[in-house]
Amino acid sequence: MRPAARPAVVSLNGSRGAADGPAVPMSPQELAESAVRAVAAGAGEVLVHPRTPCGRESLSPRVVGPVLEVLRGAGVGIPLSVPASIGAEPDPAERRARVGAWSVLPDRAVVHFAEPGAAALALALLERGVAVDAVVPLAGPAGPEPLERLRSWLTRLPSAGAEHVRVAADFTGARTDAPFAAAGPASGAGHQGQVGPLAGWWGSAPGGVLVFGRDGASWPALRLAARCGAAARTGVGDVLHLPDGRPARSNAELVAAARELLPREA
């Protein structure tokens, strides 16, 4: 029996810009229109990277708040998430200060546990009532430290707080061959130290598991999520092409393609 479906998260824009093609929404109004269409196609959550008018990512309440208000004002009634990362603010203390100054809150925020100050930032978000997607890269130069850092932090977190932390496994840079695509909760040795360390989280993480990858890792990661019953992420923030290699025309088209691969809800 295939696992029950989990929400499909759509990454509306990510680090993309106008040079990446017409599928990338740029203005707040374009982001809202793209989000509405993605929800109609089956998205269950929206991730948006707020930007200043000159295109720089920002955690300023004067940037984050208006974007969230535009999306909600357009009728986007599903959970909204924003990244709280080094790309928007390099200084860990300043990131916490920005989060503390938010007057309009997202439902979730993305915290990268490969970045300095991640645990303190995640705690500050939880204290404000914002759920956390704790990103751990399963490939690349960071090695196993981010996953171990997250594991250690979660063991010290009260269970009521841990329920609002979702493990977000980033497979960007991981192998995309058959062992990767076939790995799952029953195959803990599945991926030569990449899926393996994550095996203990399948089905046991209090806040659930989200699986994603960028560019060439995106669709294999989504197929892994389908096999394991994890939440999955797509959208032009992650990938610009469909599973058959054709350029995606919109976030909605990517979400529709992702829903075809994910298990149907009972």
Side-chain angles (χ1 to χ4, degrees), residues 3-11 44-50 59-61 64-65 67-68 71-72 77-89 91-138 142-171 185 197-212 225 228-233:
R6 296 293 187 271
V9 182
V10 59
S11 177
E45 298 179 22
V46 169
L47 169 62
V48 60
H49 286 57
L59 293 177
S60 167
V64 174
V67 170
L68 295 176
L71 291 174
R72 287 172 176 150
I78 60 176
L80 302 180
S81 179
V82 300
S85 67
I86 200 169
E89 173 52 59
D91 181 72
E94 187 60 26
R95 281 201 296 277
R96 293 196 302 275
R98 292 286 195 180
V99 164
W102 284 348
S103 55
V104 179
L105 296 176
D107 300 285
R108 309 188 72 92
V110 178
V111 176
H112 291 260
F113 268 69
E115 297 179 354
L121 177 61
L123 184 59
L125 287 159
L126 291 174
E127 289 173 345
R128 297 220 61 195
V130 179
V132 169
D133 276 348
V135 175
V136 287
L138 299 187
E145 288 186 15
L147 184 59
E148 292 308 315
R149 194 178 303 138
L150 172 61
R151 195 189 305 272
S152 174
W153 177 66
L154 284 174
T155 61
R156 301 192 305 272
L157 199 64
S159 59
E163 291 174 357
H164 299 286
V165 179
R166 181 166 59 184
V167 178
D170 181 1
F171 279 90
L198 190 64
W201 296 95
W202 298 118
S204 64
V209 176
L210 169 70
V211 172
F212 72 98
C228 300
R233 198 176 88 185

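Side-chain atoms are counted along with the backbone in the values below, which use heavy atoms only and exclude waters and symmetry mates.
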Inset, instruction - Might you confirm whether atom CD of E94 has over 12 heavy atoms from other residues, nucleotides or ligands at distances under 6.0 Å? - result: yes

Inset, instruction - For residues V82 and V67, determine if any side-chain heavy atom of one lies less than 4.5 Å from a side-chain heavy atom of the other. - result: no

Inset, instruction - Can you see which heavy atom on P61 is nearest to which on R98, and at what distance? - result: CD-NH1, 4.2 Å

Legend entry - Closest contact, heavy atoms only, R128 versus G100: NH1-O, 3.4 Å

Legend entry - Separation of L147 CG from L138 CG (nearest 0.5 Å): 7.0 Å

Legend entry - Derivation and outcome, side chain to side chain contact (heavy atoms under 4.5 Å, CB included), residues S85 and E115: CA-CA 8 Å; S85 67; E115 297 179 354; 3.8 Å; yes

Inset, instruction - Without swapping roles, check the side chain of R233 against the backbone of S11 for a donor-acceptor pair under 3.5 Å. - result: no

Inset, instruction - Hey, could you give me the CG/OG distance between L68 and S81, rounded to the nearest 0.5 Å? - result: 9.5 Å

Inset, instruction - Determine whether the side chains of T155 and R151 contain a donor N or O and an acceptor N or O closer than 3.5 Å. - result: no

Legend entry - Criterion side chain to side chain contact (heavy atoms under 4.5 Å, CB included) on L125 and W102, from CA distance to verdict: CA-CA 10 Å; L125 287 159; W102 284 348; 3.8 Å; yes

Legend entry - Sub-4.5 Å side-chain heavy-atom contact between L80 and V48: no

Inset, instruction - Answer yes or no: is there a donor N or O on one side and an acceptor on the other, between the side chain of R108 and the main chain of A131, under 3.5 Å? - result: no

Inset, instruction - Mind listing the closest non-hydrogen atom pair of V130 and A109 along with its distance? - result: CG1-N, 3.7 Å

Legend entry - Atom of V165, atom of A134 and distance for their closest heavy-atom approach: CG1-CB, 4.0 Å

Legend entry - Side chain proximity check, I86 to R95, heavy atoms < 4.5 angstrom: yes

Inset, instruction - Please report the closest heavy-atom contact between R166 and A231, naming both atoms and the distance. - result: NH1-CB, 4.0 Å

Inset, instruction - Determine whether P50 and P83 make a side-chain contact, defined as any pair of heavy atoms from C-beta on separated by less than 4.5 Å. - result: yes

Legend entry - Gap separating the CG atom of D170 from the CG atom of D133, nearest 0.5 angstrom: 12.0 Å

Legend entry - Where A118 and H112 come nearest, the two heavy atoms and their spacing: CB-O, 3.4 Å

Inset, instruction - Before giving the answer on side chain to side chain contact (heavy atoms under 4.5 Å, CB included), spell out for V135 and V110 the whole-Å C-alpha distance, their side-chain angles and the decisive distance to 0.1 Å. - result: CA-CA 7 Å; V135 175; V110 178; 3.4 Å; yes

Legend entry - Nearest-0.5 Å distance that lies between atom CD1 in I78 and atom CZ in R72: 11.0 Å

Inset, instruction - Applying side chain to side chain contact (heavy atoms under 4.5 Å, CB included), run through V104 and V64 and close with a yes or a no. - result: CA-CA 8 Å; V104 179; V64 174; over 6 Å; no

Legend entry - L157 and L123, any side-chain heavy atoms less than 4.5 Å apart: yes

